[in-house]
Amino acid sequence: MTLHYDVIVIGGGHAGCEAATASANMGASTCLVTMDMNKIAQMSCNPAIGGIAKGQIVREIDALGGQMGLVTDATAIQFRMLNRGKGPAMWSPRAQCDRGKFIWEWRRVLDETDHLDVWQDQADELIVEQGEAVGVTTIWGAEIRAKCVVVTAGTFLNGLMHIGRKMVPGGRIAEPAVAHFTESITRHGIRSARMKTGTPVRIDKRSVNFDLLNEQPGENGYYQFSYMGTPRTLRQLPCWECYTNEAVHNILRSGLPDSPLYNGQIQSIGPRYCPSIETKLVTFPDRNQHLLFLEPEGEDTNEMYLNGFSSSLPMEIQLAALRQIPALKDVKVYRPGYAIEYDFFDPTQLTHTLESKVIRNLFMAGQVNGTTGYEEAGGQGTVSGINAALKASGATTTFTLARDEAYIGVLIDDLVTKGVDEPYRMFTSRAEYRILLRQDDADARLTERAYQLGLARRNRYDHWMAKKQRIEEIERFCNETSVKPKEINSALEQLGTTPLHGSTKIADLMGRPQINFTNLSELVPALKAELDRSTDRKEEIAEAAEIKMKYKGYIERERMVAEKMHRLENIRIKGHFDYENMQSLSTEARQKLRAIEPETLAQASRIPGVSPSDINVMLVMMGR
């Protein structure tokens, strides 16, 4: 049997779901191939979306017309805005989700997406003809042909799970590995390697003494992920904190000889920023305790996730160690933690559209590119789905995001320019234009572009335009309205800020760190009336306007720096240089430039091993 589509997406995880819905919503006939329709967008590790920098990515996916933010809001059981004690460039939304409801909400989205079919099967072989990906064959003998193929296979490619010295092939617990698909890609010249990740024990909450834990409640404010979403409807649940201790550590150390990380079983590199508990003990031998978070898996389940206790130690060691924590003295578990090794493909073999440089019409997204995290996967899935749909339609245009335009742009540029030697995780520190890439303004950066592409629908565009208009009205009001010293000076002194010596515009007052719309609107009735004119999500609109005014100087300065870098982005160098014979470049620069073939001089400047003097040499030669 042969099926025909514009775009095939292989894998129904977070990258695959975003890629498939993006492609289909742009009008491309799309087929999502997944091994289990009942585990669509499975949260394989912790049941949470967002976090530091990751939350910004989810808001960018949403601003582009993607689905992750909407699904998260519909299934959230706790919400928090992280880093509120820092500046707004660092604020990051995070939500605990109901794992089961998250899957079924995604199923509903897929079922209601026009131009999208779901085929439950396992891809076995990539079909390549004359250097182009033209489809896949499956283990059940179906042949699915398409103009473009998007691979989002997660941890399933030659996946191998570890608990102690026991090894079982699998892509996820109780799910089979994909045995041959990697080889059908690498035989065409694409390089692959191995990575490792892991997940913690799952605990029965009925066996936990919560009186001995510290409660960590969520927030009940107006925040949510999607700019279009509705307020949270599920019951909001707390998380809980506890610590390991020396008794826990002693038991864990006794199991290290049987740890696959230290007995030679696992050779690949694990995630630096989400280490296993045994790695923490070895890396930080002087620490006598480590913080753990006990997180609910859903509204209606007793299953809980022990964040911070990822492990592949023997199961009896894991259980014995847990029982040394007072609150877990009588703990029962559903299953132990485990590690998994899997194949990934060197992402420097991709362009910024996430299309392969080796096999035309082949796109890759998610953990197969060496990343870790649902959010990083979803961002890549969105970009790959957009570009696959564009290419399948015959369009000559492509969709890419710059480093000053989105965290997704930083992510993809890092992958294709620098490559990875460990699972890549996004942090705010990776972005040099953090003030421009805030969680509050993703719609300002991306929604109009997405609407021009045809991905964002008219209702989303109209929603943004109405919000944009209200923000501008509030800014205009603040720039035109003055307050007099006699009206406000006593209150300013109580707030710990300098009194006024003359009439001052509200916008100028907003530059003071002690002043915000909340306290100022109580002192200036006209401002309160202006802010209350918004009927839909007025708190979000007021906050966006406040941030723009309060940080105006910083935003403008960073925009000037970004525009200077854009001059190098506009100098296209691909195909202009024979790097092998450019003796004026360092040997390392010649090797790296030849391997990566950067598109622009700015991309070349970000390649590790290419120095500023190498860039100057290339600038001089471009002038000639």
Side-chain angles (χ1 to χ4, degrees), residues 14 18 48-73 76 78-97 218-229 231-232 373-379 382 401-412 425-450 456 460 463-464 467-468 470-471 516-517 537-552 554-555 558-559 562:
H14 301 271
E18 293 291 355
I49 294 292
I52 306 300
K54 293 167 172 278
Q56 284 89 323
I57 291 176
V58 180
R59 296 212 104 189
E60 290 170 358
I61 294 169
D62 183 72
L64 287 168
Q67 309 301 315
M68 186 178 281
L70 289 163
V71 174
T72 299
D73 288 338
Q78 189 195 90
F79 188 96
R80 297 178 66 210
M81 183 65 75
L82 307 182
N83 278 346
R84 286 284 285 176
K86 300 180 180 179
M90 308 296 283
W91 297 354
S92 302
R94 182 183 189 272
Q96 291 289 131
C97 293
E219 300 174 5
N220 293 314
Y222 60 88
Y223 286 115
Q224 55 198 67
F225 267 106
S226 175
Y227 295 101
M228 302 286 291
R232 294 181 290 281
Y374 313 141
E375 305 81 5
E376 290 89 342
T382 303
L401 292 166
R403 294 182 72 91
D404 64 331
E405 206 171 6
Y407 271 94
I408 298 172
V410 175
L411 163 67
I412 292 175
R425 180 179 182 177
M426 179 54 72
F427 289 102
T428 52
S429 58
R430 295 192 190 273
E432 58 270 49
Y433 307 115
R434 291 188 293 277
I435 297 175
L436 303 180
L437 306 181
R438 306 181 310 277
Q439 60 84 30
D440 66 275
D441 74 339
D443 50 356
R445 292 182 271 124
L446 301 173
T447 292
E448 291 185 54
R449 281 197 68 186
R460 180 178 288 277
H463 182 89
W464 157 239
K467 177 181 173 181
K468 179 182 179 183
R470 278 299 296 133
I471 291 171
N516 54 52
F517 274 162
R537 301 179 76 158
K538 63 182 181 181
E539 298 94 346
E540 178 186 292
I541 290 171
E543 182 178 87
E546 179 179 320
I547 289 171
K548 285 186 69 178
M549 286 186 284
K550 187 175 285 291
Y551 297 93
K552 180 180 178 181
Y554 296 101
I555 292 169
E558 198 156 278
R559 173 54 59 199

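Position 1 is the first residue of the sequence, and the numbers go up from there.
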May I ask you to decide if [Y]'s main-chain N or O and [X]'s side chain share a donor-acceptor pair within less than 3.5 Å?
| X | Y | result |
| --- | --- | --- |
| Glu18 | Gln67 | yes |
| Glu376 | Met426 | yes |
| Asp73 | Ser226 | yes |
| Glu558 | Arg434 | yes |
| Arg445 | Arg438 | yes |
| Glu543 | Glu540 | no |

Would you compute the distance between atom [atom1] of [X] and atom [atom2] of [Y] and round it to the nearest 0.5 angstrom?
| X | Y | atom1 | atom2 | value |
| --- | --- | --- | --- | --- |
| Ile61 | Gln56 | CD1 | CD | 12.0 Å |
| Asn516 | Ile547 | CG | CD1 | 11.5 Å |
| Met549 | Ile471 | CE | CD1 | 10.0 Å |
| Asp441 | Asp443 | CG | CG | 7.5 Å |
| Thr428 | Lys86 | OG1 | NZ | 7.0 Å |
| Leu82 | Gln439 | CG | CD | 10.5 Å |

Full working for side chain to side chain contact (heavy atoms under 4.5 Å, CB included) between Arg470 and Arg537
CA-CA 11 Å; Arg470 278 299 296 133; Arg537 301 179 76 158; over 6 Å; no

Can you sort out the partners of Arg232 under salt bridge (Lys or Arg N to Asp or Glu O under 4.0 Å), two or more places apart, ordered by chain and number?
none

What is the minimum heavy-atom distance between [X] and [Y], and which atoms define it?
| X | Y | result |
| --- | --- | --- |
| Leu437 | Ala406 | CD2-N, 3.4 Å |
| Ala450 | Ala63 | CB-O, 4.0 Å |
| Ala442 | Tyr227 | N-OH, 3.1 Å |
| Val410 | Ala431 | CG2-CB, 4.1 Å |
| Arg94 | Ala48 | NH2-CB, 3.4 Å |
| Ala53 | Tyr407 | CB-CE2, 4.1 Å |

Could you go through the side chain to side chain contact (heavy atoms under 4.5 Å, CB included) check for Gln96 and Arg80 one step at a time?
CA-CA 9 Å; Gln96 291 289 131; Arg80 297 178 66 210; over 6 Å; no

The residue among Ile57, Ile408, Leu64 that forms side chain to side chain contact (heavy atoms under 4.5 Å, CB included) with Thr382 is Leu64

Derivation of the side chain to side chain contact (heavy atoms under 4.5 Å, CB included) call for Asp62 and Met68
CA-CA 7 Å; Asp62 183 72; Met68 186 178 281; over 6 Å; no

For Glu546, check side-chain hydrogen bond (donor to acceptor under 3.5 Å, both in side chains) against everything at least two apart and list the hits.
none

Suppose we screen for side-chain hydrogen bond (donor to acceptor under 3.5 Å, both in side chains). Which residues come up paired with Trp91, at least two apart in sequence or across chains?
none

Side chain to side chain contact (heavy atoms under 4.5 Å, CB included) for Phe517 and Lys550? Distances and angles first, verdict last.
CA-CA 10 Å; Phe517 274 162; Lys550 187 175 285 291; over 6 Å; no

I'd like to know if [X] pairs up with [Y] as an ion pair, taking the criterion as any Lys NZ or Arg NE/NH1/NH2 lying under 4.0 Å from an Asp or Glu carboxylate oxygen.
| X | Y | value |
| --- | --- | --- |
| Arg59 | Asp440 | no |
| Asp404 | Arg559 | yes |
| Glu60 | Arg449 | no |
| Glu448 | Lys468 | yes |

Mark yes when over 12 heavy atoms from residues, nucleotides or ligands other than Lys548 sit less than 6.0 Å from its NZ; otherwise mark no.
no

For the OH atom on Tyr554, are there more than 12 heavy atoms of other groups (residues, nucleotides or ligands in this structure) within a distance under 6.0 Å?
no

Whether Phe225 and Phe79 hold their rings parallel, tilted or perpendicular, with breakpoints at 30° and 60°
perpendicular

Min side-chain heavy-atom separation Pro93-Tyr223 under 4.5 Å:
no

Is there side-chain contact between Ile412 and Leu401, with heavy atoms separated by less than 4.5 Å?
no

